[in-house]
Q: 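Shown below is the structure under consideration.
So you know, we letter chains A, B, ... as the sequences are listed, proteins then strands, and number each from 1. Computed from a prediction, not measured in an experiment: that's the story for all the values here.
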Amino acid sequence: MLNQEDLFKKIISHAKEYGFVFPSSEIYDGLSAVYDYGQLGSELKNNIKNYWWKAMVQYHTNIVGLDSAIFMHPTTWKASGHVDAFNDPMIDNKDSKKRYRADVLVEDYMAKIEAKIDKEVAKAEKRFGDSFDKEQFVSTNPRVTGYKEKISAIGARLYKSMEENDLADIKALIEELEIACPISGSRNWTDVRQFNLMFSTQMGSLSDDANTIYLRPETAQGIFVNYLNVQKTGRMKIPFGIAQIGKAFRNEIVARQFIFRMREFEQMEMQFFVRPGTEMEWYEYWKETRVNWHKSLGIPEENYRLHNHEKLAHYANAAADIEFKFPFGFKELEGIHSRTDFDLSAHEKYSGKKLRYFDPEINESYVPYVVETSIGVDRMFLSVLSYAYTEEKLDDGSERVVMNIPPVIAPVKVAVLPLLKKDGLPEKGREIFDALKVDYMCQYDEKDAIGRRYRRQDAIGTPYCVTIDHQTLEDNTVTIRERDTMKQDRVPVDQVASIIAERIRPQL
RNA sequence: GCGGGAGUAGCUCAUCCGGUAGAGCGACAGCCUUCCAAGCUGUAGGUGGCGGGUUCGAGUCCCGUCUCCCGCUCCA
């Protein structure tokens, strides 16, 4: 069998060969970590988005949609914490070639001094026994106070430089402290460089620092800043949700693994606003609901894994990932986060606008808590491709490559194939095609032997092939061939559309 | 960013020690075929990643550069 690395390469080249995913700007040698979706890819992607939108917005009467702009007021990103959290000063050791966060290096150094203090305390404790007064010792022992002063001096300088974006001083600090690389032991450092994970651009035609704005690194903030607009105009009562599908942008330091980690990607997010204190119930509800959504596509359960986070992001009090078994291992596909009131409170503070909700049931007003579900469209797309790509050996010894894409999201639903390119079969085929194309994405193909045409459709994941033969001309019946089993049923032409509708109905 | 590998037709690859690029598959047109790839005929498609050097002559040798892949580093 294929090893996983080869499998992944096959999937990538299959995706390109059949028009699912192309490298961006390929004629100019491509653009790193950016990809374009081709004729089939754009269909599949739209179908995935539709399937999600239906499950979230259409099937939940208390969830509504939103399409907020990618450009947002710069203060948004101060409030959300991205300006600080997405700005890391990095430094490389030239000998070990290892890269570190410069502030972490300094903080580790401070921690070492802290450890020395603890050591002094432990020693003294042993020496003085029961009469030991830790408070007094720590505040009077000259060695300990010396350490403490050193820590606070280093800290003050580090955080001041961080605040002022003084990268040269951070490097100077590392050199003065004679911090060495833990791997190489050398102090041969590069300059400190800023890795800004947000893309910035200029608003307005005059370039001027004051006009710098960011391309959003997540869609969630567009929902938060519109929370009040939607709540009021939609007469929404808590608990309620706002869903959004849209592009987001992150300057990944290393972006690889095909469309798994791209600089420009698309998210499907839903922020669910709840009464404080009820967030854990909703968090559990959404974990289960989202897992069920994945299962509803018919991809076997063993491909998914729920991973509860131990360490949490600054905005969350609980978090879990739905992971998918990609060819390169189990990786995050979707996140469910209990974000508390972090975001809305931050926006209240920065905007000065009240973002509260008056809850008539308990006669109180509060800033709602938020439970977020956030899934990457591109990752979902890749999970579908990864699962679907199958090389089969058939009973007759031949082989076929088939994409077992869940029919409900398959890019092409039906192929119409006249058995022969004569005797009026193509004409009849065209007629059937024209009738079906109103309801479904269809392909018509009369070139080459029928078996080859079936294989072509298998390769792009078309779940159903309708074949016209001589009997069709006599009694108006056709065969429907099913992709996965290759079995055929003969059915009346005028029932084809409804039969397919029944088979691809979402199981939500 | 560092280390390693690779760039020749849409895809997979060939072209011996430098002598003006070839096959299979695919695509397209047609023939043949009444149900599961690989029957026949024909056609199109290559400034050999890009730039420079050596040479009478470079896909082939040398230098530079770009891109991709693998590993390391980093991340919501």
Side-chain angles (χ1 to χ4, degrees), chain A residues 5-6 8-10 12-14 16-19 22-33 80-82 85-102 104 181 183 190-191 193 195-198 217-218 220 248-258 261 263 265 267 309 311-316 319 321 328 332 335 337 372 374 376 392 394-402 417-423 425 447-459 465-473 478-483 485-488 490:
Chain A
E5 197 173 291
D6 285 343
F8 190 38
K9 282 184 176 160
K10 288 251 181 95
I12 294 168
S13 57
H14 192 87
K16 185 183 166 195
E17 183 173 356
Y18 289 93
F22 305 123
S24 161
S25 324
E26 200 188 5
I27 61 168
Y28 294 108
D29 286 330
L31 185 62
S32 183
S80 70
H82 285 85
F86 267 43
N87 255 313
D88 296 331
M90 309 295 289
I91 191 166
D92 293 5
N93 182 270
K94 289 179 185 168
D95 299 309
S96 65
K97 312 291 184 200
K98 297 290 171 188
R99 173 170 295 160
Y100 300 92
R101 270 180 56 179
V104 170
C181 167
I183 306 289
T190 63
D191 285 342
R193 287 171 296 175
F195 281 70
N196 191 340
L197 270 7
M198 282 197 290
E218 64 173 17
F249 305 83
R250 293 182 195 175
N251 236 331
E252 304 289 349
I253 296 172
V254 171
R256 230 181 269 174
Q257 285 170 320
F258 193 43
R261 177 163 289 140
R263 301 225 154 94
F265 61 104
Q267 297 183 304
H309 279 225
K311 57 173 192 186
L312 301 167
H314 59 280
Y315 52 74
D321 292 341
F328 40 86
E332 177 182 353
H337 294 187
E372 163 190 272
S374 173
E392 278 183 357
L394 303 180
D395 292 341
D396 63 2
S398 64
E399 288 173 9
R400 72 164 180 162
V401 173
V402 55
L417 314 170
L419 189 56
L420 298 176
K421 200 164 76 171
K422 62 178 184 185
D423 303 336
L425 299 184
K447 171 79 180 155
D448 296 317
I450 188 72
R452 186 196 288 270
R453 280 179 277 162
Y454 286 146
R455 296 301 165 86
R456 271 205 287 263
Q457 294 302 326
D458 291 340
C465 289
V466 167
T467 307
I468 292 92
D469 58 13
H470 288 89
Q471 192 181 330
T472 308
L473 302 180
V478 293
T479 58
I480 298 184
R481 171 200 185 257
E482 220 242 334
R483 177 193 66 204
T485 60
M486 301 195 288
K487 293 262 164 47
Q488 289 176 292
R490 184 166 283 278

Q: Looking only at non-hydrogen atoms, find the nearest pair between A/D321 and A/G335 and report the distance.
A: OD1-CA, 3.9 Å
Q: For nucleotides B/G19 and B/C40, find the distance between their C1' atoms and express it as a whole number of Å.
A: 37 Å
Q: Quick one: A/D458 CG to B/C36 C1', roughly how many Å, whole number?
A: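 Roughly 8 Å, once rounded to whole Å.
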Q: With syn defined as a glycosidic angle within 90° of 0 and anti as the rest, where does B/C17 land?
A: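 Syn, which is what one calls it when the glycosidic angle falls within 90° of 0.
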Q: When rounded to the nearest Å, what value does the distance between C1' atoms of B/A21 and B/A14 take?
A: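 Roughly 10 Å separates the two C1' atoms.
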Q: In whole Å, what separates the P atom of B/G10 from that of B/U55?
A: 34 Å
Q: Could you report the tightest heavy-atom contact between A/T467 and A/V478, atom names first, then the distance?
A: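 Closest approach of A/T467 to A/V478, heavy atoms only: O-CB, 3.5 Å.
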Q: Given the C1' atoms of B/U33 and B/G39, what is the spacing between them in whole Å?
A: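 These two C1' atoms come out 9 Å apart once rounded.
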Q: How close or far is atom C1' of B/C11 from atom OH of A/Y18, stated in whole angstroms?
A: 10 Å
Q: Rounded to whole angstrom, note down the C1' distance from B/A44 over to B/G3.
A: 43 Å
Q: How close or far is atom P of B/A76 from atom CZ of A/R250, stated in whole angstroms?
A: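 So the two atoms are 9 Å apart, to the nearest Å.
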Q: Say you pick atom C1' in B/G49 and the same atom in B/A6; how far apart are they, in whole Å?
A: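 The answer is 11 Å between these two C1' atoms.
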Q: Quick one: do A/L417 and A/V466 satisfy side-chain contact (heavy atoms from CB on, under 4.5 Å)? Show the steps, please.
A: CA-CA 6 Å; A/L417 314 170; A/V466 167; over 6 Å; no
Q: When the distance from CZ of A/R456 to P of B/C35 is rounded to whole Å, what number comes out?
A: 18 Å
Q: Any carboxylate oxygen within less than 4.0 angstrom of a Lys/Arg side-chain nitrogen, looking at A/D458 and A/R452?
A: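 No.
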Q: OP1, OP2 of B/U33 versus side-chain N and O of A/K422: anything below 4.0 Å?
A: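 The answer is yes; a side-chain N or O of A/K422 sits under 4.0 Å from OP1 or OP2.
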Q: Could you pull out the protein-nucleic contacts involving nucleotides 37-41 of chain B (nitrogen or oxygen on both sides, under 3.5 Å)?
A:
residue: B/A37; atom: OP2; partner: A/R455; partner atom: NH2; Å: 3.4

Q: For a side-chain hydrogen bond (donor to acceptor under 3.5 Å, both in side chains) with A/R490, tell me which candidate from A/T479, A/D469, A/T472 qualifies.
A: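 Filter result, single survivor: A/D469.
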Q: So that I can compare with my own list, what are the stems of RNA chain B, taken as at least three consecutive Watson-Crick or G-U pairs with distances under 3.5 Å?
A: B:1-7 with B:66-72, B:10-13 with B:22-25, B:27-31 with B:39-43, B:49-53 with B:61-65
Q: Without decimals, in angstroms, what is the distance between A/F258 CZ and B/C70 P?
A: 12 Å
Q: Sequence neighbours left out, what passes salt bridge (Lys or Arg N to Asp or Glu O under 4.0 Å) with A/R455? Give chain and number order.
A: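 Listed in chain order: nothing, the list is empty.
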Q: At under 4.0 Å between heavy atoms, what does A/S13 touch on the DNA or RNA strands: base, sugar-phosphate, or nothing?
A: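 The answer is nothing, as A/S13 stays clear of every strand by at least 4.0 Å.
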Q: Which nucleotide in the list B/C11, B/C35, B/A76 gets nearest to the side chain of A/R490?
A: B/C35
Q: Could you check A/L425 against A/L419 for side-chain contact (heavy atoms from CB on, under 4.5 Å), going step by step and ending with a plain yes or no?
A: CA-CA 7 Å; A/L425 299 184; A/L419 189 56; 4.3 Å; yes
Q: How do A/K487 and A/E332 order along RNA chain B: which one's closest nucleotide is nearer the 5' end?
A: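 The residue whose closest nucleotide sits nearer the 5' end is A/K487.
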Q: Please determine whether a side-chain nitrogen of the Lys or Arg among A/D448 and A/R453 lies less than 4.0 Å from a carboxylate oxygen of the Asp or Glu.
A: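 No salt bridge links A/D448 with A/R453.
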Q: Decide yes or no on side-chain contact (heavy atoms from CB on, under 4.5 Å) for A/E399 and A/L394, but give the supporting numbers first.
A: CA-CA 6 Å; A/E399 288 173 9; A/L394 303 180; over 6 Å; no
Q: Taking 4.0 Å as the cut-off, does a side-chain nitrogen or oxygen of A/K421 come that near to OP1 or OP2 on B/C32?
A: no
Q: How do A/R400 and A/E218 order along RNA chain B: which one's closest nucleotide is nearer the 5' end?
A: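 First, find each residue's nearest nucleotide; the 5'-ward one identifies A/R400.
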Q: Select base, sugar-phosphate, or nothing to describe what A/Q471 touches, counting heavy atoms under 4.0 Å on all strands.
A: nothing
Q: Checking contacts here: which listed nucleotide (B/C36, B/U34, B/G30) is nearest the side-chain heavy atoms of A/K447?
A: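 Within the option list, the nearest is B/G30.
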Q: Mind calculating the distance between CD (A/E17) and P (B/G10) to the nearest angstrom?
A: 13 Å
Q: Verify the contact: side-chain N or O of A/K9 to OP1 or OP2 of B/C69, cut-off strictly under 4.0 Å; return yes or no.
A: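 Result: no.
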Q: Check for me whether A/R250 meets the cation-pi criterion with A/F265, that is, NZ or CZ under 6.0 Å from the six-membered ring centre and within 45 degrees of the ring axis.
A: no
Q: Nearest of B/C36, B/C11, B/C35 to any side-chain atom of A/R481?
A: B/C36
Q: Would you measure the distance from the C1' atom in B/C68 across to the matching atom in B/U8 and give it in whole Å?
A: 16 Å
Q: Whole angstroms only, please: what is the CG-C1' distance between A/L473 and B/U34?
A: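 Interatomic distance, CG of A/L473 to C1' of B/U34: 11 Å.
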Q: Give a yes/no on whether any side-chain N or O of A/R263 is located under 4.0 angstrom from OP1 or OP2 of B/A76.
A: no
Q: For B/G59 versus B/A27, give the span between their C1' atoms, rounded off to a whole number of Å.
A: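 After rounding to an integer number of Å, I get 26 Å for this pair.
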Q: Can you give me the closest heavy-atom contact between A/H14 and A/A459, atom names plus distance?
A: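 Minimum heavy-atom contact is NE2-O, 2.7 Å.
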Q: Taking NZ, NE, NH1 and NH2 as the nitrogens, is one of them in A/E392 or A/R400 under 4.0 Å from a carboxylate oxygen of the other?
A: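 Between A/R400 and A/E392 there is a salt bridge, with a charged N closer than 4.0 Å to a carboxylate O.
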Q: How long is the line joining CZ of A/R261 and C1' of B/A76, in whole Å?
A: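 Roughly 9 Å, once rounded to whole Å.
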